[in-house]
Amino acid sequence: EAQVTQNPRYLITVTGKKLTVTCSQNMNHEYMSWYRQDPGLGLRQIYYSMNVEVTDKGDVPEGYKVSRKEKRNFPLILESPSPNQTSLYFCASSYSGPDSSYNSPLHFGNGTRLTVT
Amino acid sequence: QKEVEQNSGPLSVPEGAIASLNCTYSDRGSQSFFWYRQYSGKSPELIMSIYSNGDKEDGRFTAQLNKASQYVSLLIRDSQPSDSATYLCSNDKLIFGTGTRLQVFP
């Protein structure tokens, strides 16, 4: 089954304790992206990747890191989480990213609800 | 001006009615648009894509794109309580509106 898999689904942690949220897709998609979703603010892009070893900042990158060492994986790293990073996080992928000649929609993972105390 | 804008709602319609959800955009270069449905606490799922001016129908859903007026809309015919969700519009740059919450009451 074609899917984007995120783990964990729920995570409660304390300020400053490094954490990683994993994301993997099995559709051989070029483009992968991380979003956070907060009430009233919609989906805000954190980082995205057009291909292996190519990553770029989105709208709200502060406090986050990503890597794209393999095509299928795009982990999100919070080196020193803070309470303002409490949010619902989504990983997504698409066949091709924005500004390509073939405009493809995003496939989303099931989300990770992160609470930082 | 935000690149993709939606009224946050809620839009309340009775069961069986037509729900009309609208999205405006500022980038005239946008060629295609996507509508996603998101149930509370769940991930967005694609319900419609529209790549050219005009209407596109899929079951109870119709997407309409008007490039001259820079808006895209989603019509849901015979609305059901199970259609109650937030509907997100995005352009081909994968920029999202904040979503419109739809409530269908019995």
Side-chain angles (χ1 to χ4, degrees), chain A residues 1-10 21 23 25 27 29-50 56-60 87-115, chain B residues 1-11 21-53 56 58 61 63 65 67 72 74 85-102:
Chain A
E1 180 189 351
Q3 58 186 359
V4 178
T5 303
Q6 276 180 249
N7 279 299
R9 291 291 309 277
Y10 301 92
V21 184
C23 174
Q25 51 91 5
M27 296 168 279
H29 283 170
E30 301 276 329
Y31 181 85
M32 296 186 75
S33 181
W34 276 102
Y35 293 87
R36 61 177 289 174
Q37 188 174 41
D38 303 287
L41 297 177
L43 284 165
R44 293 183 293 168
Q45 191 177 48
I46 302 171
Y47 269 94
Y48 64 94
S49 170
M50 298 294 289
D56 264 307
K57 296 178 180 179
D59 298 319
V60 288
S87 187
L88 179 58
Y89 291 86
F90 289 106
C91 179
S93 71
S94 72
Y95 176 77
S96 60
D99 296 327
S100 72
S101 57
Y102 179 74
N103 300 309
S104 55
L106 286 167
H107 298 254
F108 285 85
N110 286 331
T112 296
R113 188 167 291 281
L114 171 65
T115 302
Chain B
Q1 182 186 7
K2 291 182 182 177
E3 192 157 340
V4 177
E5 292 202 67
Q6 295 179 258
N7 188 314
S8 61
L11 172 67
L21 303 155
N22 297 310
C23 173
T24 58
Y25 62 95
S26 59
D27 181 3
R28 284 198 171 273
S30 293
Q31 297 296 315
S32 53
F33 293 85
F34 309 102
W35 281 100
Y36 297 81
R37 177 178 61 202
Q38 185 178 23
Y39 293 113
S40 181
K42 303 294 185 183
S43 59
E45 56 175 330
L46 180 73
I47 52 172
M48 288 286 284
S49 306
I50 186 162
Y51 295 97
S52 58
N53 234 13
K56 179 183 176 185
D58 183 1
F61 298 98
L65 175 58
K67 291 186 179 180
V72 56
L74 179 70
T86 296
Y87 290 80
L88 301 165
C89 169
S90 96
N91 63 7
D92 49 8
K93 291 195 174 117
L94 305 179
I95 294 173
F96 286 83
T98 52
T100 299
R101 188 157 63 94
L102 173 66

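As the structure is a computational prediction, the values presented were derived from the model and not from experiment. Numbered from 1 within each chain, the chains take letters A, B, ... in sequence-line order.
- If you measure heavy-atom distances from B:Gln38 to chain A, the contacts under 4.5 Å come from the side chain alone.
- Here B:Leu94 is the residue among B:Leu46, B:Thr98, B:Leu94 with the most heavy-atom pairs under 4.5 Å with chain A.
- Here the straight-line distance linking atom OH of A:Tyr35 with atom CZ of B:Phe96 works out to 5.0 Å at 0.5 Å rounding.
- Heavy atoms of B:Ile95 lying under 4.5 Å from chain A are absent altogether.
- Not counting sequence neighbours, the partners of A:Asp59 by the side-chain contact (heavy atoms from CB on, under 4.5 Å) test are A:Gln45.
- With sequence neighbours excluded, the residues that form a side-chain contact (heavy atoms from CB on, under 4.5 Å) with A:Leu88 are A:Gln37, A:Phe90, A:Arg113.
- Contact annotation for B:Tyr36: only side-chain heavy atoms (C-beta onward) come within less than 4.5 Å of a heavy atom of chain A.
- The two atoms that bring A:Ser104 and B:Phe34 nearest to each other are C-CZ, 3.8 Å, heavy atoms only.
- Under the side-chain contact (heavy atoms from CB on, under 4.5 Å) test applied with B:Ser43, the options A:Leu106, A:Val4, A:Asn110 reduce to a single match, A:Asn110.
- Between B:Pro44 and A:Phe108, the closest heavy-atom pair is O-CD1, 3.5 Å.
- Shown here is B:Lys67, whose NZ atom has more than 12 heavy atoms of other residues, nucleotides or ligands within 6.0 Å.
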